[in-house]
Amino acid sequence: MSKIYHVAKDGSDRNQGDERQPFLTIQRAADEAVAGDTILVHAGEYREWVKPRYGGLDDNCRIIYRTAGDGRVVIKGSEQICGWEPVGDQIWKATIDNTLFGDYNPYATEISGDWLVDPRESLVHTGDVYINGVSLFEAPDLESVRHPVRREYSPYETWEMRKELVWNAEDSLMQWYCEAGVDTTTIYAGFGDLDPNQELVEINVRPCCFYPEKRGLDYITVSGFEMAQAATDWAPPTAYQVGMLGPNWAKGWIIENNILHDSKCSAISLGKEDTTGDNEFTKFHKKPGYQYQMESVFRAADIGWSKEQTGSHIVRGNTIYQCGQTGIVGHLGCIFSEIYENEIYYIGTKHEFYGHEIAGIKLHAAIDVQIHDNHIHHCSLGTWLDWQAQGTRVSGNLFHHNDRDFMIEVTHGPYLVDNNIFASPFSIVNAAQGGAYVHNLVMGFMSHYPVLNRSTPYHFPHSTKLLGTVPTYGSDDRWYQNIFVGGKEEGRCYGTCSYEGAVVSMEEYVQRYWEAGAADIETYESIRQPAYIDNNVYLQGAAGFTREEHAWKGRDRDIVRLKEEEDGIYLEAELGEEAFSLPTAYITTKVLGRPRITEAAYENPDGTPVVICRDMLGRERPTAPVPGPLQDLKPGKSRIRIHG
């Protein structure tokens, strides 16, 4: 018979764990709860790493961790530090006994791993220092703490964010520096005019807040918590990917309605376990990181990587912000998951370290993953899909104020990108092929290129079973019924002009093959794959593919723009009648055809056909729909609330 366990700050781990005699720690309840049980956590601050001991049996027999609804519940990976000593002009020192850290000292652990680029000479640590909940910056040496420098801002940081990150009128960095010894760790910090003994000062102690050490604990729900200040490490696709919160190579988790912030690297990990490799490139340099990543895919297949064992997670309704690497990360373990209605912001914008794995959402092998209705803004990169994005759908998301909105790399399709708004000046990086882009609003420029020096895997439809590997030739994309907005950066592609020179059918492609000499691999490398482009609208100088049969180029006065107001975000537009006279139709599985390499259909994860008959806001479209993501656009002026 299922049980309900209670946890409260006035409880005791010697209690029975019921409502009248609650446990004191969440871990105590986690040690007891089995399939079918629920753990209710009452208001308070819990400084612990929750490591579930058991998992559920199926979707109807879970273990549920939920807040009790009587106030804010916070799980922190940090501890409060008192007893700071002044050692100079506004510089303070704290000496910490290393027993506080157990077998993991974040101030002796440097952030490192494959594809971490910078810094190289003075690596930053997984630890951090916070005053009144605000993260300071790590300094390379003690002298820099004594003499802080001005900070260079990202162009998309708001003044509110600056106030959270700096502390004096000169915008100088408030920094910390650490020296880790055998028995003690010393932290030096500058807090500006604040006295750390009169304020709340915390430091990262634990690498996780909620993460099982044991693999394969399935069907766990984590709902309604705030989690913060975890000492997570760099999580590339070739590493053991650990997050502040995550399932650790399991199936069927639900992570919902949580507030997750200030993870040193990643907030949620749906990613890779350790037996398939852990930063071998950085450790040994025997082979390229690409090769180790390829091996990790085959090693995962060897240990049973499949829909039956891994993935199928739901990540919904969470607010994720102020993390150094990713809001959500995953390789292999993210398969068949659904990520929706999350707000993700300020990811990778602190710029203490840099590498090629930073984004609001960064997934490898996102087979049949559905990413929809998220609000992703003020990130270094909004969403980055890398390798094996087969059956992946990115739909109804709002991107803005990112350095780049969306990137997809070395994958072969079919993947579908529909009903999104890409509103940042740099909208899309497309280093892939086999994509279908339908009913999007693209307000920035795009970069589009092949990748011929890396062969990456593709799969049987809706499966992890490997079918082959191949380079990315570029193109083989579909662009139907989108709206493009031009911009002012010279030499950039606004619109579909980067497909110039591509053929427009598979028959023409095969004819080009014969004309090129009908050899083997080298011939295919020299021929551009087809581009299927029709019924798009181009505004304010955006340029289209010249072989597009139906298109409309707007007048000078035609505009589309986002406007942020107190009650939400609005899309404002002024469009001519001609923008609504294109011969549009529902875009379906039949219309989209099949990518050349994978020869798999654009369809839903369950194998049913796709019919794009609703807009970004869920409104039904007529059979001759309006281009772009919003069916309520009309000739003349439009104003549509899209968020808030």
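Using modelled atom types, one finds no donor on one side chain facing an acceptor on the other under 3.5 Å when comparing Ser395 with Asn419. Under the 3.5 Å distance criterion, with hydrogens and angles disregarded, a donor-acceptor pair is assigned to the side chains of Ser135 and Asp128. If you check the side chains of Thr326 and Ser266, you find a donor sitting under 3.5 Å from an acceptor. Side-chain contact, His378 with Thr349: no donor N or O sits under 3.5 Å from an acceptor N or O. Checking Ser296 against Thr238 by side-chain atom types alone, no donor-acceptor pair falls below 3.5 Å. Counted by atom type alone, His375 and His400 present one or more donor-acceptor pairs between their side chains at under 3.5 Å. No donor-acceptor contact under 3.5 angstrom links the side chains of Asn204 and Ser78, judged on distance only. Between the side chains of Trp249 and Gln309, at least one donor N or O lies within less than 3.5 Å of an accepting N or O. Side-chain atoms of His459 and Gln388 form a donor-acceptor pair, as typed in the model, at a separation below 3.5 Å. Side chains of His377 and His401: a donor-acceptor N/O pair is absent below 3.5 angstrom, by distance only. His439 and Gln481 are linked by a side-chain donor-acceptor pair at a separation below 3.5 angstrom, with hydrogens and angles left out of the test.
Looking at residues two or more places apart in sequence or on another chain, you find a side chain to side chain contact (heavy atoms under 4.5 Å, CB included) between Glu603 and His462, Thr589, Ala601. Every residue two or more places apart in sequence or in another chain was checked for a side-chain hydrogen bond (donor to acceptor under 3.5 Å, both in side chains) with Thr411, and none qualifies. Legend: residues meeting side-chain hydrogen bond (donor to acceptor under 3.5 Å, both in side chains) with Arg639, ordered by chain and number and at least two apart, are Glu565, Glu572. In this structure, the side chain to side chain contact (heavy atoms under 4.5 Å, CB included) partners of Asp278, at least two apart in sequence or on a different chain, are Ala239, Tyr240, Lys283. Residues satisfying the side-chain hydrogen bond (donor to acceptor under 3.5 Å, both in side chains) test with Asp567, not counting sequence neighbours, are Tyr570. Partners of Glu620 by side-chain hydrogen bond (donor to acceptor under 3.5 Å, both in side chains), not counting sequence neighbours: none found. The side chain to side chain contact (heavy atoms under 4.5 Å, CB included) test applied to Ala359 returns Lys362, Leu381, Trp384, not counting sequence neighbours.
Across all non-hydrogen atoms, the minimal contact from Pro595 to Ala600 is CD-O, 3.0 Å. Minimum heavy-atom separation, Arg215 to Thr275: NH2-CG2, 3.7 Å.
Legend: salt bridge (charged side-chain N to carboxylate O under 4.0 Å, His left out) pairs involving residues 312-341, not counting sequence neighbours, sorted by first then second residue: Glu256-Arg316. Pairs engaging residues 43-56 under the salt bridge (charged side-chain N to carboxylate O under 4.0 Å, His left out) rule: Glu45-Arg47, Glu45-Lys76, Arg47-Glu202, Lys51-Glu213 [sequence neighbours left out]. Every pair passing salt bridge (charged side-chain N to carboxylate O under 4.0 Å, His left out) that includes a residue from residues 415-431 is listed here, sequence neighbours excluded: Arg393-Asp418. Listed by first then second residue, pairs satisfying salt bridge (charged side-chain N to carboxylate O under 4.0 Å, His left out) with a partner in residues 366-383 number zero, not counting sequence neighbours. Annotation: side chain to side chain donor-acceptor pair (under 3.5 Å) contacts involving residues 429-438, sequence neighbours excluded, comprise Tyr415-Tyr437, Asn430-Asp477, Asn430-Tyr499, Gln433-Gln529.
Across Val369, Asp386, Leu332, Val329, a single residue satisfies side chain to side chain contact (heavy atoms under 4.5 Å, CB included) together with Leu363, and that is Val369. Tested against Thr456 for a side chain to side chain donor-acceptor pair (under 3.5 Å), the candidates His364, Glu409, His412 yield a single pass: His412.
Remark: Lys9 qualifies as a cation-pi partner of Tyr46 under the 6.0 Å distance and 45° angle criteria applied to the six-membered ring.
Contact check on Lys264 versus Asp233 returns no salt bridge, with no Lys/Arg side-chain nitrogen under 4.0 Å from an Asp/Glu carboxylate oxygen.
Annotation: Tyr346 is not in aromatic contact with Tyr321 [ring centroid separation under 6.0 Å not met].
Using modelled atom types, no side-chain atom of Asn342 and backbone atom of Asn374 make a donor-acceptor pair closer than 3.5 Å.
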